[in-house]
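Fair warning: this is a prediction, and the values are worked out from it, not measured in the lab. Starting from 1, each residue takes its place in the sequence as its number.
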Amino acid sequence: MGIQYFMTPKQKYLFDLRGYLHLENALTAQELSDTQKAIERLVQSPPDELPPGIGHGGEGFSNGFSADKSLEALTLHPVTWPIIKELTANKPRFNRGSLVVNTHHRREMTPLHCAGEGFRWTRRYDVKNRQIFTNDIVVFFYFTDVYPGDGGLVVLPGSHKRAFERPGNLFFPNPENPDAALHPALVNVTPKAGDVVIITEMLTHGVLVWKPQNRDRRFLILRYKTHFFQDERGLRDAFPPEVMARLSPETKALAAYAEPWEEKDIVKHDGVTLT
Ligand SMILES: O=C(O)CCC(=O)C(=O)O
Ligand SMILES: [Fe+2]
């Protein structure tokens, strides 16, 4: 089967120009309320009662996507799925899904970073025959609102096509000062609950200190590579056995390794419902 084109001309233009997309209201009201409730249950649950295979360290719940079917279903969400298929040339592999509850207690920012900095040549962003390809995609589903001035994700639009090494401290000469004005080349992305942000991990990005004391920033990080990508998870299962055991067959198919010339059955479906 040839590749079908799903991204709108506007999405293609913006993703290629900036290295990310911010899609508003990606979740239905029902999806948003189901996922918000599931996350609240996870947050309230004592550490020894977390579902097997979910670890809570720092501000993250590793494998948090597998805590509830409403969260697991986001791996194949109708808004993001066609875009993920297109960006990976129909060869996606889902291989990581953490949930984050970011609060003001975390006082330091996450410095700017991106895939492909330094010696790593394995991550790519390319455009050929009017098609965008990238083998490292991160999808952020938001369950709470972010407003300008709150903090959170900052990106350097266009940096996924950089040709030179980023000079250290160029954008944050004084990273200890959370009140410093943002460098004009950076954009603080401010999604609202139900929005989704899709980036290529080639994009330079970081995280500002979260300022509100009465609100947190809750979001799911879903990572996709090509299904033949070799990283430390390589040919083995992307998730621990106790997580694999409760995943739906569709999610397992999405997380499966395949050879470069193969095409997984799961990509033949536009809308995938978990069974
Ligand atoms: O906290 C965030 O918004 C971004 C985290 C991050 O850099 C990543 O997941 O790659
Ligand atoms: Fe990152």
Shortest non-hydrogen separation from L32 to G194 and the atoms involved | CD1-N, 3.8 Å
Is the side chain of W210 donor-acceptor paired with the backbone N or O of R215 at a distance under 3.5 Å, no angle test?
-> yes
Working to the nearest 0.5 Å, report the span between CD1 of I198 and OG1 of T134.
-> 12.0 Å
Output, in order, the C-alpha distance, side-chain angles, deciding distance and verdict of side chain to side chain contact (heavy atoms under 4.5 Å, CB included) for Y257 and E259.
-> CA-CA 7 Å; Y257 178 90; E259 298 293 345; 3.8 Å; yes
Inter-residue atom distance E40.CD - S45.OG, 0.5 Å rounding | 10.5 Å
Can you tell if the side chain of V209 reaches within under 4.5 Å of the side chain of E108, non-hydrogen atoms only?
-> no
Indicate yes or no for a side-chain donor-acceptor contact from R166 to the backbone of L112 under 3.5 Å, with no hydrogens or angles considered.
-> yes
Hey, are the side chains of R93 and L254 touching, using non-hydrogen atoms and a 4.5 Å cut-off?
-> no
Go through the steps for V187 and V154 under the test side chain to side chain contact (heavy atoms under 4.5 Å, CB included), then give the verdict.
-> CA-CA 5 Å; V187 171; V154 283; over 6 Å; no
Worked check of side chain to side chain contact (heavy atoms under 4.5 Å, CB included) between I137 and F94 = CA-CA 9 Å; I137 302 167; F94 165 59; over 6 Å; no
Polar side-chain atom of E201 near backbone of C114 as donor-acceptor pair, under 3.5 Å | no
Cluster overlap V79 with Y13, hydrophobic side-chain contacts below 4.5 Å = yes
Salt-bridge present (D270, K85; N to O < 4.0 Å) = yes
Do F171 and I199 share a hydrophobic cluster, counting only Ile, Leu, Val, Met, Phe, Trp and Tyr and linking them when any side-chain heavy atoms are less than 4.5 Å apart?
-> no
Between K192 (side chain) and T144 (backbone), is there a donor-acceptor pair under 3.5 Å?
-> no
Would you say the side chain of M109 lies within less than 4.5 Å of the side chain of V207, judging by non-hydrogen atoms?
-> no
Distance from T88 atom OG1 to E86 atom CD, nearest 0.5 Å?
-> 9.5 Å
Only one of V196, D145, V197 forms a side chain to side chain contact (heavy atoms under 4.5 Å, CB included) with P191, so which one is it?
-> V197
Main-chain N/O of I54 paired to H56 side chain as donor or acceptor, under 3.5 Å = no
Over all atoms of both residues, closest heavy-atom pair of V267 and P92 | CG1-CD, 3.4 Å
State, to 0.1 Å, how close Q11 and M7 come at their nearest heavy-atom pair, and which atoms those are.
-> OE1-CA, 3.5 Å
To the nearest 0.5 angstrom, please state how far the CD1 atom of I84 sits from the NE2 atom of H77.
-> 10.5 Å
Would T200 and F15 satisfy side chain to side chain contact (heavy atoms under 4.5 Å, CB included), going step by step from the backbone distance to the final call?
-> CA-CA 9 Å; T200 165; F15 190 85; 4.1 Å; yes
Considering all heavy atoms of both residues, which atom of T80 and which atom of L74 are nearest to each other, and what is their separation?
-> OG1-O, 4.1 Å
Hey, do the aromatic rings of F65 and F239 have their centres closer than 6.0 Å?
-> yes
Smallest heavy-atom separation, S248 atom then L274 atom, equals OG-CB, 3.7 Å
Mind checking whether W261 and E263 have side chains closer than 4.5 Å, heavy atoms only?
-> no
Look at the side-chain heavy atoms of Ile, Leu, Val, Met, Phe, Trp and Tyr, link any pair under 4.5 Å apart, and say whether I83 and Y142 land in one connected group.
-> no
Using atom types as modelled and distance alone, determine if a side-chain donor or acceptor of N135 lies under 3.5 Å from a backbone N or O of R124.
-> yes
Solution key, residues 19-28 side-chain donor-acceptor pairs under 3.5 Å, sequence neighbours excluded:
from : atom 1 : to   : atom 2 : distance (Å)
H22  : NE2    : D195 : OD2    : 2.9
T28  : OG1    : E31  : N      : 3.0
T28  : OG1    : E31  : OE1    : 3.4

Is any NZ, NE, NH1 or NH2 atom of the basic residue among K91 and E262 found under 4.0 Å from an Asp or Glu carboxylate oxygen of the other?
-> no
So, K161 side chain and L17 main chain: donor-acceptor pair closer than 3.5 Å or not?
-> no
Any side-chain heavy-atom pair of R223 and S98 under 4.5 Å = no
Between E72 and T251, a side-chain donor and acceptor under 3.5 Å | yes
CG-CD distance between N90 and Q131, expressed to the nearest 0.5 angstrom = 8.5 Å
Are V101 and I221 joined in one hydrophobic group, where the rule is that I, L, V, M, F, W and Y side chains link up if heavy atoms are under 4.5 Å apart?
-> no
Under 4.5 Å between side-chain heavy atoms, hopping through other hydrophobics if needed: is there a path connecting L220 to V139?
-> yes
Hey, is D237 close enough to K252 for a salt bridge, meaning N to O under 4.0 Å?
-> no
Given side chains that start at C-beta, do those of F61 and L50 come closer than 4.5 Å, heavy atoms only?
-> yes
Without swapping roles, check the side chain of H205 against the backbone of L203 for a donor-acceptor pair under 3.5 Å.
-> yes
Heavy atoms of A115 and R123 approach each other most closely as CB-CG, 3.4 Å
May I ask you to decide if T103's main-chain N or O and R217's side chain share a donor-acceptor pair within less than 3.5 Å?
-> no
Answer yes or no on whether K211 is positioned over the face of Y147, meaning its NZ or CZ is under 6.0 Å from the six-membered ring centre and within 45° of the axis.
-> no
CG on L71 to CG on N63, rounded to 0.5 Å | 12.5 Å
How about L208 and L182: do any of their side-chain heavy atoms sit closer than 4.5 Å?
-> yes
Are the side chain of K264 and the backbone N or O of A256 linked by a donor-acceptor pair below 3.5 Å?
-> yes
Could you walk me through whether D136 and Y125 pass the side-chain hydrogen bond (donor to acceptor under 3.5 Å, both in side chains) test, one step at a time?
-> CA-CA 8 Å; D136 198 343; Y125 175 89; over 6 Å; no
